[in-house]
Every structure is written in structure tokens, then in C-alpha cells.
There are 2 protein chains.
Amino acid sequence: MPQKRILPYVIMGILLNKDCTGKQIMDEFRFDIGEFWQSSHSQVYPELKRMEQDRWIESYSKEDNDKEIHYHLTAYGHEIINDWLMEPVDKLPVSKDLFSLKTFFINDRNDPRLERLFKHQIQLVSHSLNHLRKRQQALFSSQEQIDQQYGHYLILARAISRQENQLAWLEDKLNNR
Amino acid sequence: MPQKRILPYVIMGILLNKDCTGKQIMDEFRFDIGEFWQSSHSQVYPELKRMEQDRWIESYSKEDNDKEIHYHLTAYGHEIINDWLMEPVDKLPVSKDLFSLKTFFINDRNDPRLERLFKHQIQLVSHSLNHLRKRQQALFSSQEQIDQQYGHYLILARAISRQENQLAWLEDKLNNR
DNA sequence: ATGTGCATGTAATGGGTTACATGATTTA
DNA sequence: TAAATCATGTAACCCATTACATGCACAT
């Protein structure tokens, strides 16, 4: 038995906001959810079909364009996703963090690979931070926008705080070696 | 084609420090590496056999006890792991973070589920932080211990800093809703 | 000797990634 | 009209997780 299946809940969470096509769901993953969850279209499209069979969602197409299939949460789907959002999270995630892993194995504080690792990581984190801040400016520059999608605002702020913390830590340790 | 296989490198990283049995390697996962990488014995034992066939490691048993199989890095294995430690990490990990995911989907800042989620998360993070601090005291209370395993010291400090940051953030947002 | 626990090993299942495929739409 | 791009769909491969199995050790 594999790990617990989360993808359908993610998809229903997305559909809480608005009806979507498969493409639009994938865009959500690419732009907003990618920071803390990821998937690929080869998982999403079959999942959408399964979910429709289970009556969690239903599909329709607009008159002028019967190519695009839009998906819509059913009342039953609403129940399911709302129940799921109620359940508290019961353990912290373990990210598979190659940076920590490699650092862990280097015992000598003067090993040149340590400096290399840190400098690369600083590049990565800076780049990510930049992107997150731009995203925050674009989406949440007004209080109204914040109130509209408060959860989204929160996790974006959280991601920024986390990366700021990591960057400060990296630079501190790099300088005080 | 699946994601890049990391487990053998983790095992070799562990073996850099000392020869180990399968059990000892699993203990490393449980106690020190578990924060940023995890595995299970049903992965590790077959992996050890594969690695021995590839001549990355070799096994031996002590005279008084031929039940316990100890594994030891070969010279070839040393090359492989050292090369791997040299390669910089080229992307940030994406942790599958259910807390962020659920929060993301809650639009209303007064939704009672938000408070529930935050309070539970505060419990989880506090608990983890406690554990990490105890571990730091136990392992790195002297400068000598720090110099002995500097990488290990670093990532433990990093884990603590990250959890402190998360805890402060959670409490701040919970209070200023 | 029997039961319990532990180290080790194996099997079954399904999830996730990558590659490949198809049909439609846009562009050169 | 050919080529390229895009949305969608399918397939193969292998990793990761859980459950089950084995054999030894120690305790009762």
C-alpha cells in the first residue's frame, strides 16, 4: 500500500475557486501550488476522469467550444473536500533536501566543498525569493486582494519568510566559518 | 523513468563515518537523517546487496559473530561518493506540505478551520523543535564535538532555525488575524 | 519449550516520472 | 501547406510504502 492519495483533494481544492479545464489545473500547479505540491499532467488528466466517475466532479463544455472540457465540483465533492480541509494535519512533512544531505556528510569545516555548496544554495534561494516577492506584489498589493484569498496570501507570505530565514542563515554561516 | 536514485549515495555518506550493519544504517535514518531524508529497511537491505555487487561497498563479519554483516566503503565507493558530494545541488526541494496546501484553499480569514490548522501546526512544530534542541544539547555541547562533525552540526542548527522561524510566524499570524 | 522481540529479507501494490502519441490550432 | 506548438491522452518503468515472512536471541 502506497502513500495516501492526495491529488484528488488538491484538484477539488482548486475547483473550490472556479471551474477549470485540465490545462487550468496544471497552471495552478505551475504558478501557485508548485511551492509546496507538484504534479504532472499525466497524473492529472486520468485523475479527473476517475473523479468524475466517482461523482466528485462533473464535466461540461461551452456551446461555442466543445473541445474544452470544464470541470465543476458536485455537491458531493464539496462535502468531501470540506471534510478533508477540516482534518488537522498530523505530521510534519519531510522534504527530500539534497543540500542538507550533502552538508551532513562533510565533517571538516574547512572542506572547500562546503563553501561551494553554500554559495550555490544562496544563489538558488535568492532566485526563489525574488520570484516569490514579485508574485506577492502582483497578487497581494491591496488589502482587498488579501481578503479575497487569505489562505493563498498566507502561504505565499510563509514561503517568503522561510526563504528569508534560510538565506540569512546561509550567509551568516558562510561568513562566520 | 523515475526520479534520480539517491539512496545509495546516502548509504555511502553514512559509511564515510564508520562501517555499519543494515540496522545501524537504519538507526542513522531514524535519529539524524530523518529530518531531511527518509527510507525504510525494505529499501536499504536490497540496496546494500546491489551496492556490494557494484563494488561500491564490501561486507565482512567479525570472528565472534558471523551473524552481523558489516559494510565498508571500497576505494571505488569513496570515489563515487566524493564526486557526488562535489556536485552542487541544482534545485530547491519541494516538500509535500499538507499544512500549506490546506491553508491555501481557505479563502475566508475568519474560517474557523484556519485557527484549527494553525493551532495544530504550532503543536507539531513545537514538539519537533523540542526534540531538535535536545538533540543539539546531546551531540554538540562542546566546540570539539562541533568540529568533529561540522556538517551534522550545521544541518541540525539549520533545522532548529527553520522551525523557530516557522513557529514565530505561525504565532504571529494566529494572533494578528 | 514457548513466546516475544528484533534484525533481516521478500512480495505486492500503486504512485510518480519520463517518454511517447494524437489531434487540433497557430504560425511561417 | 508544412511546421511548430499546445492540450490532452497513454504507456512503461521503477521507486516507496506496507504487509508479510524468516530465523535467531533472550526471557519466562
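Quick note on labels: first sequence line is chain A, next is B, and so on, each numbered from 1.
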Asker: Figure out the CD1/P separation between B:Ile69 and D:dG23, and round it to whole Å.
Answerer: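 Spelled out: CD1 on B:Ile69 to P on D:dG23 is 15 Å.
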Asker: What is the distance, to the nearest angstrom, from the OH atom on A:Tyr71 to the C1' atom on D:dT8?
Answerer: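 Computing the A:Tyr71:OH to D:dT8:C1' distance gives 10 Å.
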Asker: Would you kindly say whether B:Gln163 and B:Gln166 are connected by a side-chain donor-acceptor distance under 3.5 Å?
Answerer: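 Per modelled atom types, B:Gln163 and B:Gln166 side chains form a pair under 3.5 Å.
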Asker: Between D:dC15, C:dT8, C:dT10, which nucleotide has the shortest distance from any of its atoms to the side chain of B:Arg50?
Answerer: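 Within the option list, the nearest is D:dC15.
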Asker: Answer yes if the ring centres of B:His152 and B:Phe140 are under 6.0 angstrom apart, and no otherwise.
Answerer: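 Between B:His152 and B:Phe140, the centre distance is under 6.0 Å.
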Asker: Is B:Arg50 salt-bridged to B:Glu47, cutoff N-O under 4.0 Å?
Answerer: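 So B:Arg50 pairs with B:Glu47 through a salt bridge.
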Asker: Round to the nearest Å and state the distance from B:Leu48 atom CG to C:dG9 atom P.
Answerer: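 Whole-Å distance recorded here is 8 Å.
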Asker: Tell me whether A:Glu144 at atom CD has more than 12 heavy atoms from other residues, nucleotides or ligands lying less than 6.0 Å away.
Answerer: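 No.
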Asker: What donor-acceptor contacts under 3.5 angstrom involve side-chain atoms of residues 72-84 of chain A, with partners at least two apart or in another chain?
Answerer:
from: A:His72; atom 1: ND1; to: A:Asp19; atom 2: OD1; distance (Å): 2.9
from: A:His72; atom 1: ND1; to: A:Asp19; atom 2: OD2; distance (Å): 3.2
from: A:Thr74; atom 1: OG1; to: A:Arg55; atom 2: O; distance (Å): 2.7
from: A:Thr74; atom 1: OG1; to: A:Trp56; atom 2: O; distance (Å): 3.1
from: A:Thr74; atom 1: OG1; to: A:Tyr76; atom 2: N; distance (Å): 3.4
from: A:Thr74; atom 1: OG1; to: A:Gly77; atom 2: N; distance (Å): 2.9
from: A:His78; atom 1: ND1; to: A:Thr74; atom 2: O; distance (Å): 3.4
from: A:Asn82; atom 1: OD1; to: B:Arg113; atom 2: NH1; distance (Å): 3.0
from: A:Asn82; atom 1: ND2; to: A:His78; atom 2: O; distance (Å): 3.2

Asker: Need to verify one output field. Residue with the more 5' nearest nucleotide on DNA chain C, B:His41 or A:Gln38?
Answerer: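 Final value for this comparison: B:His41.
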Asker: Measure the distance from NZ on A:Lys23 to C1' on C:dG23 and round it to the nearest whole Å.
Answerer: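 That distance rounds to 17 Å.
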Asker: Could you tell me the separation between the OH atom of B:Tyr45 and the P atom of D:dG23, rounded to a whole number of Å?
Answerer: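 Rounded to the whole Å, the gap is 16 Å.
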Asker: Whole Å only: how far is the CD atom of A:Glu52 from the P atom of D:dG9?
Answerer: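 About 11 Å, once rounded to whole Å.
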Asker: If I take atom CD1 in residue B:Ile11 and atom C1' in nucleotide D:dA16, what distance separates them, rounded to the nearest angstrom?
Answerer: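 So the two atoms are 14 Å apart, to the nearest Å.
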Asker: Rounding to a whole Å, what distance do you find between A:Lys96:NZ and C:dG16:P?
Answerer: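 One finds 13 Å between P of C:dG16 and NZ of A:Lys96, rounded.
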Asker: May I ask you to say what A:Ser42 touches in the nucleic acid, namely base, sugar-phosphate or nothing, with a heavy-atom cut-off under 4.0 Å?
Answerer: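 Contact class for A:Ser42: base.
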Asker: So, is B:Gln43 near the phosphate of D:dC15, with a side-chain N or O under 4.0 Å from OP1 or OP2?
Answerer: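 Negative; the distance criterion is not met.
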Asker: Taking 4.0 Å as the cut-off, does a side-chain nitrogen or oxygen of B:Arg5 come that near to OP1 or OP2 on D:dC15?
Answerer: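 Indeed, a polar side-chain atom of B:Arg5 lies that close.
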Asker: Considering only C:dT8, D:dT8, D:dT18, which nucleotide approaches the side chain of B:Ser40 most closely?
Answerer: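 Comparing C:dT8, D:dT8, D:dT18 against the side chain of B:Ser40, the answer is D:dT18.
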Asker: Is the shortest side-chain N/O distance from B:Lys49 to OP1 or OP2 of C:dG9 below 4.0 Å?
Answerer: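 Checking C:dG9 against B:Lys49, a side-chain N or O does come within under 4.0 Å of OP1 or OP2.
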